[in-house]
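Inspection log for the structure reproduced underneath, given as structure tokens.
Side-chain atoms are counted along with the backbone in the values below, which use heavy atoms only and exclude waters and symmetry mates.
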Amino acid sequence: MDLYAGLDVGLNETSICLVDREGKTIREWKIATDPAGAAEALAPYAAELRRVGVEASSLGLWLYRGLHAEGLPMVMAEARHMSVSLSTMRNKTDRNDARGIAQMMRLGWFRAVHVKNVETQKLATLLTQRKFLKRKLIDLENHIRGALRAYGMLVGPVGRKDYDRRVRELIAHTDYVFIRLIEAMLDVRAGVLEGYDRLHKILLLVVQHDTVCRRLMTVPGVGPVTALAFKVGVDDPHRFRRSRTVAAHFGLTPRRIQSGTIDIEGRISKRGDRMVREALCEAAASLLNRVRRYSALRAWGQRIAKRKGAMCAIVAMARKLAGILHRMWIAEADFEPLRGAKITQKLKLKPA
């Protein structure tokens, strides 16, 4: 008898529902959220299980890896797609969610998510933590600027290394309490800056010893952060059959709304990994505005900027870069700057 299981993962408990091929509920129960406990609970049915579904989440990923190592037929389902299907239920409970996931495993109404290996996941954590500290560093600096501006003290344009010195010069002749207030914020900023610099050095070290990242950096405008973000976001380049679909995976293609006589092509979908999408757009902007070396790709982007504007050109370049970087990875080839714009369509690149 074919069986299908659905797991609704909670912080402390996980609900499990087991159904047969006809949709009849065989068993429903709860266990502690732990891969070993889940494997033990499903062990009596392992021979008959065809799919075991879990919704994409941090704890779901932990359970997925543990149960997959036990040989169970695990499926990581996309959270957005799963949420729409589960929202049709009248009452939202953990039991009903597990039942809905099990039924979707039986019917095939799910979209499987690619699960990255542990090493790639660690690199993704490095990128997210670095970005988090960078954001907090900017927030702290802007907060201090705003606090000083209320008293007529303007920090002005100053580099990150000279920021602390400039602020201390401005508050040097104010009262004791105000000095201590601003110094407390500067001390916090110094700690955040130290952590950010430490993570950035680790990132540079990883990229330096990674062959794929060094090859991707042969494209003008693509730096260490963009190269590593793209490598982590794709993980396995062979899971994309065509290079042009990579841009759609990261939300860089326009959305389309068509119904009857209505046919609207809107803005980009912004689906997928936001960090990769932002890194590709930053690389495209750098290629258009900062890189001075000629390349056919840059000339193509400049022509679009003249016709459509800078923002449209940046998005178009980011979309093109996604396909080029993927094909370079697959073909193990370096970027050739003197090829015509059509080659970015066919993605014929000079072998390394």
Next on the checklist: Applying salt bridge (charged side-chain N to carboxylate O under 4.0 Å, His left out) to Lys116 and Asp235, what does each step give before you reach the verdict?
Outcome noted: CA-CA 6 Å; Lys116 300 173 183 176; Asp235 187 34; over 6 Å; no
Would you kindly confirm whether [X] and [Y] end up in one hydrophobic cluster when ILVMFWY residues are joined by side chain heavy atoms under 4.5 Å apart?
X: Leu59; Y: Met74; result: yes
X: Met275; Y: Tyr196; result: yes
X: Phe110; Y: Val115; result: no
X: Val167; Y: Tyr176; result: no
X: Trp29; Y: Val52; result: yes

Checklist entry - So Phe178 and Leu148, side-chain contact (heavy atoms from CB on, under 4.5 Å) or not? Walk me through it. => result CA-CA 10 Å; Phe178 188 74; Leu148 296 180; 3.7 Å; yes
Item to check | Approximate separation, where rounding is to 0.5 Å, of Leu18 CG and Glu48 CD | outcome: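 Leu18 atom CG to Glu48 atom CD measures 8.5 Å (nearest 0.5 Å).
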Item to check | Nearest-0.5 Å distance that lies between atom CG in Leu133 and atom CG in Leu193 | outcome: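 Between Leu133 CG and Leu193 CG, I get 10.0 Å after rounding to 0.5 Å.
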Tell me whether the count of non-hydrogen atoms from other residues, nucleotides or ligands lying under 6.0 Å of [atom1] in [X] goes above 12.
X: Arg267; atom1: CZ; value: no
X: Arg80; atom1: CZ; value: no
X: Lys136; atom1: NZ; value: no
X: Trp109; atom1: CH2; value: no
X: Arg242; atom1: CZ; value: no
X: Glu40; atom1: CD; value: no
X: Met311; atom1: CE; value: no
X: Arg21; atom1: CZ; value: no

Decide yes or no for [X] and [Y]: does some side-chain heavy atom of the first lie under 4.5 Å from some side-chain heavy atom of the second?
X: Leu49; Y: Leu72; result: yes
X: His114; Y: Asp236; result: yes
X: Val222; Y: Ser286; result: no
X: Val155; Y: Val158; result: yes
X: Leu7; Y: Glu55; result: no
X: Met317; Y: Leu288; result: yes
X: Met82; Y: Met104; result: yes
X: Leu3; Y: Ile26; result: yes

Work out which heavy atom in [X] is nearest to a heavy atom in [Y]; give both atom names and the distance.
X: Gly233; Y: Asp273; value: CA-OD2, 4.4 Å
X: Ile171; Y: Glu183; value: CD1-CG, 4.4 Å
X: Ala299; Y: Tyr294; value: CB-CE1, 3.9 Å
X: Leu61; Y: Met76; value: CA-CE, 3.4 Å
X: Pro254; Y: Gly266; value: CB-O, 3.4 Å

Does [Y] offer a backbone N or O that forms a donor-acceptor pair with the side chain of [X] under 3.5 Å?
X: Arg298; Y: Val291; value: yes
X: Glu78; Y: Ala56; value: no
X: Arg51; Y: Met105; value: yes
X: Asp334; Y: Thr218; value: no
X: Arg189; Y: Ala184; value: no
X: Ser259; Y: Ile262; value: no
X: Thr33; Y: Gly10; value: yes
X: Arg99; Y: Asp94; value: no
X: Thr128; Y: Ala124; value: yes
X: Arg292; Y: Asn289; value: yes

Would you call [X] and [Y] a salt bridge, using N to O less than 4.0 angstrom?
X: Arg145; Y: Glu141; value: no
X: Lys201; Y: Asp197; value: no
X: Arg95; Y: Glu28; value: yes
X: Asp210; Y: Arg214; value: no
X: Arg255; Y: Glu265; value: no

Item to check | Residue pair Asp139, Arg135: steps toward the salt bridge (charged side-chain N to carboxylate O under 4.0 Å, His left out) verdict | outcome: CA-CA 6 Å; Asp139 289 343; Arg135 183 69 261 171; 3.2 Å; yes
Checklist entry - Val177: what forms a side-chain contact (heavy atoms from CB on, under 4.5 Å) with it, not counting sequence neighbours? => result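 Val177: side-chain contact (heavy atoms from CB on, under 4.5 Å) contacts with Asp175, Leu181.
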Next on the checklist: Suppose we screen for side-chain contact (heavy atoms from CB on, under 4.5 Å). Which residues come up paired with Leu203, at least two apart in sequence or across chains?
Outcome noted: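 If we apply the side-chain contact (heavy atoms from CB on, under 4.5 Å) test to Leu203, skipping adjacent residues, the hits are Leu126, Leu127, Arg130, Val207, Pro224, Val225, Leu228.
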Item to check | Ser243/Arg327 under side-chain hydrogen bond (donor to acceptor under 3.5 Å, both in side chains): CA gap, chis, key distance, verdict | outcome: CA-CA 6 Å; Ser243 294; Arg327 182 49 54 183; 3.2 Å; yes
Item to check | Check against salt bridge (charged side-chain N to carboxylate O under 4.0 Å, His left out), Glu278 and Lys131 | outcome: CA-CA 11 Å; Glu278 290 178 349; Lys131 183 178 179 181; 2.6 Å; yes
Checklist entry - So Leu67 and Val54, side-chain contact (heavy atoms from CB on, under 4.5 Å) or not? Walk me through it. => result CA-CA 11 Å; Leu67 295 177; Val54 60; over 6 Å; no
Item to check | ring-ring contact (aromatic ring centres under 6.0 Å, His included): pairs with one or both residues in residues 38-87, sequence neighbours excluded | outcome: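 Counting only pairs at least two positions apart or across chains, the ring-ring contact (aromatic ring centres under 6.0 Å, His included) contacts touching residues 38-87 are Tyr64-His68.
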Checklist entry - Given the rule in the side-chain contact (heavy atoms from CB on, under 4.5 Å) test, do Thr253 and Arg319 qualify, once you have shown the distances and angles that lead to the verdict? => result CA-CA 7 Å; Thr253 53; Arg319 185 162 56 243; 3.8 Å; yes
Checklist entry - Checking salt bridge (charged side-chain N to carboxylate O under 4.0 Å, His left out) for the pair Glu22/Arg106: CA distance, chi angles, key distance, verdict? => result CA-CA 9 Å; Glu22 302 300 327; Arg106 178 179 70 90; over 6 Å; no
Next on the checklist: Over 60° means perpendicular and under 30° means parallel, so tell me whether Phe240 and Phe250 are parallel, tilted or perpendicular.
Outcome noted: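 Plane angle between 30° and 60°, so tilted.
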